[in-house]
Structures are given as C-alpha cells and as structure tokens.
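The structure under discussion appears below in the form of structure tokens.
Below, all heavy atoms of this structure are taken into account, side chains as well, without hydrogens, waters or symmetry copies.
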Amino acid sequence: MVIVTSVWRKRQQESLPKCRRVSTVLPADPEGKGGDGLLGTSQESLEEFTDAKHESLFSLETNFLEEESGSTCSLKVSQGQSSVCSHSADPFLQHVNKELKEKEIQAVATNLKTTHQLKWPILGQLVFSSKFQKLETFKPSKDIDLKSLHLQKPLESTWTKTNSQFLSGLPKSSGPFTSLQKELFLIMNSYRDLFYPERTALKNGEEIRHVYCLHVINHVLKANAQVLGNNSRCRSQKLGVGDDDDFRDQGLTRPKVLIVVPFREAALRVVQLFISLLEGDSKKKIIVSNKKRFKGEYGSDPEERPPNLKRPEDYEAVFVGNIDDHFRIGVAILQRSIRLYAPFYSSDILIASPLGLRTIIGAEGEKKRDFDFLSSIELLIIDQADIYLMQNWEHVLHLMNHMNLLPLDSHGVDFSRVRMWNLNNWSKYYRQTLLFGALQDAQINSVFNKYCVNLQGQVAVRNVPMTGSISHVLVQLPHVFQRMEAENLASVIDARFNFFVNKILPQYRDAVMSHTLIYVPSYFDFVRLRNYFKKEELNFTHICEYTQKSGISRARQFFLQGEKQFLLLTERFHFYKRYTIKGIRNLIFYELPTYPHFYSEVCNMLSATSRGGEATWTCTVLYSKYDAQRLAAVVGVEWAAQMLQSKKNVHLFITGER
C-alpha cells in the first residue's frame, strides 16, 4: 500500500497526458547566473546563461533511444521487473525497483542499527550497518570480469584507457582496476553508502576520483536510457488505463547526481573524466557544448602562481590550479554528448562547492532561494570532506538538511512517469551517499551516521592508527599532555577555556616563558582567547585567516624578536598559508589539531631558529575524553587508550632523543 500526500495527488490529477512531459527551460538558479554564480566578481555581470540552443537536443522528454548508437541497450523496467538486456542482476535496476513498504519506513525511526565488521584485503576494517531489517555483507572477489559489473556502453571499452595511468606497472591479470579501485567500486556498484576517510590529495585522490566518476556516468547513462527507451515504447503503442506503472522511470526533477568538491580545479578534473569516459579512444569526438567557456572559468594560468613558494607536498597537491571555492554548474548527458552550463532543472549532474550551493539554497525568509533541484538526487558524492571543515562546515550541514525534500513547484513534471518512492517522499532511502575525506573526524562521522539512511545499508572504513604523527617530530622536545575533565560534550568548550586560564596560562605569564605560540583549531576559541588576553592586558599578538598581509608580517616579526610574549595562531591560517613561524620556544596546543600531521609540522618549527636553547623548549597539549580520535591520530591508538583510561591526568612523551 503506497501513500501519496494530498498535495501530490492534486498535482497528479492536474498533470499532463501520460508519457509526456513539458519541455520548459527554467533558470539555472534564482540569482540568474545560469548555474555558475560567483558573487562579487566579474561573473556577476554575465547575462543569464541557459544554453537555449541545446535545450531540445538534450531534452529527456523529446528524445528517443537511438537503436544504432551503440551507447546502450534498451532498459525494460516494469515495477518489480529487474532485467537489462540479457543480464538478470543489474545493481542499478535492483536498487531503483526495490519496493519498500510503509511499515518498513515507519520501523526505521525505531530500529536499532545492526552492524557487522569485516576485513577486506586493501580497505582494511569495514563496518557494514543498516537500519533496515536485513543486513547483508559481502567480500570482494579476487578477479573481476567487466561484464559482471553491468557497465553501460561505451564504458566497458573507455574505462581501461581512461584509467591507464594507474595501471602501468601492474600485471595484466589485475584487470582494469587498481586493488583500491576494485574494492571501492564493488561497494559503489552495490548502491550502499560509503565513508572512506583515507583519501589524500598526494596519495590516492585521483585514483578515487576516476572510480567515482565511472560510477556516476554508469548511473546516469542507465537512468537516461531507461527514460529514452520508455519514450520510444510510449510512442509506438497506445497504453491501456492500467499500464502506466510500466513507465515510472524518473524523479520529480531531473538532477540525479550531485558532486560536491572544494575548488574549481576539482570540478574541471571531474568534467574532463566525464568526457574521457564517454569518448575513450573513439575517433569520433563527442559533442561538448560550451567547452571553451568552461576551460576559461575553471582552468588556471600557471604563470599566476607566485614563484619560489616552498610549501609541503601535500599543500601543493591540495591547492593546485583554480582554487576559487564559489561555483556551481549543471551538466546534461545524452548518449554521447555533454552539455555544460545546463540549467539546473535540465541537468543530470550538478557539480558545486558547499558555498556555491549555500548561496542558491538560501535561508528561511529569503525571497530568492531554491532547493527543489535537490529533491530527486539519487547519488550524492562529497569529496575531500576534510577541506570543508577548514572552509565552513555549516554549509555542508545546511545542504544535508535540504536534500531529498518534496519540491515546492512541479517544474513541468509528468507525474505518470515519476517513481512511487519519489512521490511518497522516500527518496532519501534510495539515495546513495559516497563520502571521501582524509580524516576520521567526529563531525564527518556525524553526517554519515545521521543523514545516510540508504535501504541498501552503509559501509564505513574504520582503520585505527597504530603509530601517531608524534613519531614524525624530529626536534628534541618534551610533550606534556594534560587531560581536562568535562561532564558532557556540550561543556567541553567552557571546560577547556577554564582549564587553560586557571591551570596552564599562569605557568607562562612569567617573562622567562617568552616566545610562546598558542595553536588554536577553532576560530571561536581563538576570538575568546584574544578577548581574554586583551582584557588581561597580556603582551601578545595574533594571526588568523582574516589577518591582512601587513598584519601577519608585523606579528611574525614582533614574536621572533621577543617584543610580544604570546602569539595566538589559528589552525585555518596554518591550513591556508603553511608559513613557518620562527622564534618558538614554548608551544601550547589549546586543542589537538584537526589534521594529525599538523602536530608534527608545528612542533618541527621550533628548529627554524635554533640558537642552542633546545634544553628549555616545552610543548603542552590539552585533551579530553571527547578527543579520542584526534588523540589516537597523534600518539597512536594504544597510547591514546591508556591516556584516556588512566587515573593520571598528565602524560609525558619525549621526542628527538639522541
């Protein structure tokens, strides 16, 4: 028994004749920037870009499956039927055709999550979980036959060439995937939610990007082939009254994939992969509309990069190319053609930054806001999630709170073609979320646990760090870890401040303890400390991500010369600039760093101005029982467990001993 809300019943009655949909061109976004807004820049002056001349070419309503294109076989999909050509177990069809019952949905609210741990050869420790009653797990097969993956044409032939850079040096028997890609794709292709917290720009970022782009194109080609195939059948036969469920093949709005990336460079690489996956080594180039404009706005000029900037390798890998973080673009795919800058409601794939989405979603009470385009997202990819902690995590939460809501407008949809689970407002149970980041972080974990309720279940990679980043500290330094007590998570912020002011700071007020750097991960903690230091008239200076260049230079100079006893430094400033701060003799970590390698990096700064004072150097670290993940990443999981359970509140490590 399916229940459709009354408002949707009314709209369904008012909808168009069966098997047809209005081909209206809607603005790409309410700000009139055609799916690509950049506030405060020259982009603002662009006229609305709706790419009207390509609308009919890429319309799902007015096109039909080309039998000779070779791009796909016809997907015959009736409710409850699961077949694609000669293959009987296509994961896409199994997923979208799965019929949930009302009682199953109601039970999700009260069901306890069932979990099961498995160890995979490459991914390591996996936790399978589900709130739906049946939890199924599986292990990766040693060999993968491409045909068994149900890749849509032309992906079987184009994938190997697109992925060739990662396959060189591997034996041919290993197939078209690296070991990591194989295991990741098996999970993706099962339509489970996935959290992979070991994605780094330096090591495996591009390898992972390749494999999720394969999954995206595979999903979109299948979904569109389903619609186009039904268009053809709809045209060739007159249906009886009871047959309209055969053609329920789409959502309430067209966008079905959302890819969230931090910078324009990442969006550029994603689109380049899409083109490569559709084109392969074919002599016939695919049509890519607005390619020149896209390269101009998302590409970068190598000469713009300042010369002789010495930064760590991981910094260079993250901040490469165009690092503008305010963008959004719609992409439509029809068989072997790609339309860039498609209006949002005519797009299959949306690629955007959290800020780009925040400015279109808007806030309650704002006149210009729109989030209907998120209503039927079937595949959400959040890549480089850790970077959003450094940008603005609130934007990610705001996005998640607006995912898969019933749209406020019908947007010309033909309700007779909309799947029942979309009409029933159950889309979130069918949405697959792929979350990639470099950290096991509490805030990222929280998003995965709270917002990922896919009926296929969830898979999280949960490897624990055996050795921490403290092992990379090269300087001779005593590290004093001081545990502070807090009654609950909500009280940690105040407990930390009071502990610092009453127990730690008095030890450093003496002029002998000059050259003290205080590393502060949270900007709100930084503001609170800065205000306290001003009120107490302490001799200090400060640098944060908003400090002007001249202010940074002055503060660094004052601190180096000893004219200022304390330097307050935010983690975000270190993330975005990675300057070496000279003159540190005493180091205080007000809280453990978000990125574990920042701990060793900052500690090693003490050697930047070595004048024989190593014997007096100090390092103090504040932590609580709520910092377990960050602590384990710095000292290793075994030491962290001891430090959290010990009756002693103070623990000493010494590094760099000769």
Side-chain angles (χ1 to χ4, degrees), residues 91 95 98 104 107-142 179-200 203-204 207-208 211-212 215 379-386 388-389 396 400 428-468 489 594 596 625-633 636-638 640-641 644:
H95 182 60
K98 172 81 174 174
E104 290 179 280
V108 168
T110 54
N111 282 352
L112 291 173
K113 188 175 275 191
T114 53
T115 62
H116 184 77
Q117 290 197 20
L118 276 182
K119 190 163 187 179
W120 280 24
I122 304 300
L123 292 178
Q125 203 66 41
L126 301 188
V127 178
F128 285 77
S129 61
S130 178
K131 273 206 158 189
F132 289 85
Q133 284 183 336
K134 195 174 181 183
L135 174 63
E136 293 181 357
T137 64
F138 68 100
K139 286 194 171 182
S141 52
K142 287 185 179 179
S179 300
L180 173 63
Q181 286 176 332
K182 181 181 81 170
E183 294 189 7
L184 288 174
F185 191 74
L186 285 172
I187 296 169
M188 291 178 196
N189 207 32
S190 71
Y191 279 89
R192 289 168 171 84
D193 295 326
L194 169 65
F195 175 35
Y196 181 72
E198 296 172 22
R199 179 244 190 261
T200 60
K203 186 181 171 189
N204 55 19
E207 196 179 341
I208 292 167
V211 80
Y212 76 62
H215 183 52
L379 176 51
L380 169 64
I381 296 173
I382 301 177
D383 198 5
Q384 294 175 269
D386 51 288
Y388 312 134
L389 295 170
V396 175
M400 299 309 293
K428 66 180 179 181
Y429 301 112
Y430 287 81
R431 185 192 77 233
Q432 181 185 28
T433 304
L434 306 177
L435 189 55
F436 301 101
L439 301 168
Q440 288 274 15
D441 181 86
Q443 293 179 88
I444 302 175
N445 280 334
S446 173
V447 162
F448 188 73
N449 293 331
K450 181 179 177 181
Y451 294 101
C452 297
V453 287
N454 184 343
L455 65 92
Q456 304 291 356
Q458 291 71 44
V459 180
V461 176
R462 301 284 186 205
N463 295 314
V464 293
M466 297 313 292
T467 57
L489 191 57
T594 305
K625 63 183 177 183
Y626 299 104
D627 297 321
Q629 283 181 324
R630 291 189 183 188
L631 185 63
V637 69
E638 290 181 5
L644 292 167

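- Using a 4.5 Å heavy-atom cutoff, the side chains of Leu118 and Phe138 are not in contact.
- Distance alone, capped at 3.5 Å, is enough to place a donor-acceptor pair between the Gln440 side chain and the Val461 backbone.
- Inter-residue side-chain proximity for Ile187 and Leu123 is flagged as met; some heavy-atom pair is nearer than 4.5 Å.
- Between Phe195 and Phe448, the ring planes are tilted. Angles from 30° to 60° get that label.
- Remark: Gln125 CD is packed, more than 12 non-hydrogen atoms of other residues, nucleotides or ligands lying under 6.0 Å away.
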Open item on the list: Would Leu180 and Arg199 count as a side chain to side chain contact (heavy atoms under 4.5 Å, CB included) here? Give the steps.
Closed with: CA-CA 11 Å; Leu180 173 63; Arg199 179 244 190 261; over 6 Å; no
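- Side-chain contact, Gln181 with Glu207: no donor N or O sits under 3.5 Å from an acceptor N or O.
- Counting only heavy atoms from C-beta outward, the side chains of Val447 and Thr433 never approach each other to under 4.5 Å.
- Between Leu389 and Val396, every side-chain heavy-atom pair lies at or beyond the 4.5 Å cut-off.
- Side-chain contact check for Leu435 versus Asp383: every heavy-atom pair is 4.5 Å or farther apart.
- Rounding to the nearest 0.5 Å gives a distance of 7.5 Å between CG of Leu112 and NZ of Lys131.
- A 6.0 Å sphere centred on NZ of Lys203 holds no more than 12 heavy atoms belonging to other residues, nucleotides or ligands.
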In sequence, state the C-alpha distance, the side-chain angles, and the governing distance for Leu455 and Glu104, and then conclude on side chain to side chain contact (heavy atoms under 4.5 Å, CB included). CA-CA 10 Å; Leu455 65 92; Glu104 290 179 280; over 6 Å; no
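- Contact record, Pro140 with Glu183: CG-OE2, 4.1 Å, taken as the closest heavy-atom pair.
- With rounding to the nearest 0.5 angstrom, the OH atom of Tyr429 is 15.0 Å from the NZ atom of Lys98.
- Under the side chain to side chain contact (heavy atoms under 4.5 Å, CB included) criterion, Leu644 pairs with Tyr623, Lys625, Ala628, Leu631, sequence neighbours left out.
- The nearest pair of heavy atoms linking Lys182 to Ser141 is NZ-O, 3.1 Å.
- Tyr191 and His95 have parallel rings, their planes meeting at less than 30° on a 0 to 90° scale where 60° marks the start of perpendicular.
- Rounded to the nearest 0.5 angstrom, Leu186 CG and Leu194 CG are separated by 11.5 Å.
- Using a 4.5 Å heavy-atom threshold, the side chains of Tyr196 and Leu434 count as separate.
- At a threshold of 4.5 Å between non-hydrogen side-chain atoms, the residues Ser190 and Gln456 do not count as touching.
- Distance check: Gln117 CD to Thr137 OG1 gives 12.0 Å after rounding to the nearest 0.5 Å.
- Side chain of Thr115 to main chain of Ser129: no donor-acceptor pair is present (N/O by atom type, distance under 3.5 Å, no hydrogens or angles).
- When all heavy atoms are compared, the tightest approach of Tyr212 to Ile381 is CD1-CD1, 3.6 Å.
- When all heavy atoms of Leu439 and Pro596 are compared, the pair lying nearest together is CD2-CD, 3.6 Å.
- With rounding to the nearest 0.5 Å, the separation of CE in Met400 from SG in Cys452 is 5.5 Å.
- The main-chain N or O of Phe185 is never found under 3.5 Å from a side-chain atom of Asn189 such that the two would form a donor-acceptor pair.
- Formation of a donor-acceptor pair under 3.5 Å by the Asn111 side chain with backbone atoms of Phe132 is not found in this model.
- Partners of Thr594 under the side chain to side chain donor-acceptor pair (under 3.5 Å) rule, at least two apart in sequence or in another chain, are Glu571, Arg630.
- The nearest pair of heavy atoms linking Gly437 to Asp386 is CA-OD1, 3.5 Å.
- Side-chain atoms of His215 and Leu184, non-hydrogen and from C-beta on, never get closer than 4.5 Å to each other.
- Partners of Asn454 according to the side chain to side chain donor-acceptor pair (under 3.5 Å) rule, which considers only residues two or more places apart in sequence or in another chain, are Asp193.
- Pairing each heavy atom of Tyr388 with each of Ile382, the nearest pair is CE1-CG2, 3.6 Å.
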